[in-house]
2 protein chains.
Amino acid sequence: MEYDAYIQTCPTRMVLDRLADKWAVLVLGRLDDKPVRFNQLKREIDGISQKVLSQVLKKLERDGLVSRKVFATVPVTVEYAITPLGRTLSATVDALRRWAEDNIETVLAAQQKYDRAAE
Amino acid sequence: MEYDAYIQTCPTRMVLDRLADKWAVLVLGRLDDKPVRFNQLKREIDGISQKVLSQVLKKLERDGLVSRKVFATVPVTVEYAITPLGRTLSATVDALRRWAEDNIETVLAAQQKYDRAAE
DNA sequence: ACTGGCGGTTTCCAGGAGGAAACCATGTCA
DNA sequence: TGACATGGTTTCCTCCTGGAAACCGCCAGT
């Protein structure tokens with residue numbers, strides 16, 4: 001019953017490693033609004049490769065954060081949706097993305113100051 | 001003024017990539033309570049190597065999230081502390097770690113179910 | 001007949017991440 | 001004199017990540 005991400009062997013560490021991932025944050029952020037199809041996700045998440053997207057989705061599905069639904073249309077439609085468990089997380093990962101967007105200018109300024117001081 | 005982490009070239013993407021990192025989350029979580037010295041951090045964050053810890057700290061310092069203070073003791077003491085900017089972020093990254101600790105059992109159960117279904 | 005979209009998997013390959021361990025200066029204690 | 005601690009840097013080496021591109025079946029439109 002003692003879970004602590006600061007202990008190397010704790011399974012929490014593995015989960016944290018999966019969530020603390022740029023792509024996972026972006027995927028969960030997109031799915032939070034509504035279910036999205038594979039290629040739609042690929043188009044919306046600029047710069048992600050097909051392989052990485054399918055890997056991330058598979059891992060998120062395995063962790064129970066995302067569900068996969070196949071429609072027998074033609075061509076086959078596959079829709080990814082956030083699960084109730086994933087929804088308990090989405091606010092947090094979204095806050096991370098929003099922090100980055102809100103504070104990017106401050107961070108860039110800090111970087112420039114740091115780089116100037118190093119010269 | 002249009003920052004969007006979903007665009008590949010947006011600087012937000014780089015910041016997100018830095019924050020969405022297992023080690024950064026753990027370091028910021030430790031510094032949130034109080035300033036900590038280098039070797040103390042190394043001891044508390046089980047499994048991190050000296051090299052990686054110093055790299056993470058340097059990047060966080062460059063981004064203005066962590067400050068470094070050197071004391072002329074013997075041997076030299078170096079204390080890392082969270083900055084006001086870092087403090088605006090710490091609640092979020094801490095929430096991520098806490099989510100992992102709180103939901104690990106649900107995630108592990110989902111993984112087992114997924115793996116059984118795949119056989 | 002051929003192109004294109006969907007939703008992938010697989011292969012190849014280059015580059016980076018990260019662990020281990022050596023090395024550094026300094027000083028202190030035994 | 002030699003081991004130990006502090007706070008690193010640097011080198012070496014290996015494993016993994018992740019991008020590019022080919023390939024897959026299926027069908028619709030031109």
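Order of the sequence lines fixes the chain letters, A, B, ..., with proteins taken first and strands second; residue numbering starts at 1 for each chain.
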Integer-rounded Å distance: C:dG7 C1' and A:Glu79 CD: 14 Å
Touch class at under 4.0 angstrom, heavy-atom based, for B:Phe71 against every strand present: nothing
Set of side chain to side chain contact (heavy atoms under 4.5 Å, CB included) partners for B:Ala81, sequence neighbours left out: B:Pro35, B:Ser67
Nucleotide of C:dG18, C:dG7, D:dG19 approaching A:Trp23 most closely (side-chain heavy atoms): D:dG19
Listed partners of B:Thr9 passing side chain to side chain contact (heavy atoms under 4.5 Å, CB included), at least two apart: B:Ile7
side-chain hydrogen bond (donor to acceptor under 3.5 Å, both in side chains) partners of residues 19-29 of chain A, not counting sequence neighbours, each pair once: none
Qualifying salt bridge (charged side-chain N to carboxylate O under 4.0 Å, His left out) pairs, either residue in residues 68-83 of chain A, two or more places apart: none
Pair listing, side-chain hydrogen bond (donor to acceptor under 3.5 Å, both in side chains) test, anchored in residues 45-60 of chain B, at least two apart: none
Over-ring placement of B:Arg30 relative to A:Tyr6, 6.0 Å and 45° cut-offs: yes
Positions of residues 37-69 of chain B (non-hydrogen atom under 4.0 Å from DNA chain C), listed by number: B:Ser49, B:Lys51, B:Val52
Pair listing, salt bridge (charged side-chain N to carboxylate O under 4.0 Å, His left out) test, anchored in residues 80-100 of chain A, at least two apart: A:Asp32-A:Arg87, A:Asp94-A:Arg97, A:Arg97-A:Glu101
Sub-3.5 Å pairs of nitrogen or oxygen atoms, protein against nucleotides 26-29 of chain C:
none

Value in whole Å for how far the C1' atom of C:dA17 lies from CZ of B:Arg18: 14 Å
Listed partners of A:Leu85 passing side chain to side chain contact (heavy atoms under 4.5 Å, CB included), at least two apart: A:Leu65, A:Thr83, A:Thr88, B:Trp99, B:Asn103, B:Thr106, B:Val107
Sugar-phosphate, base or nothing in reach of A:Thr73, heavy atoms under 4.0 Å: nothing
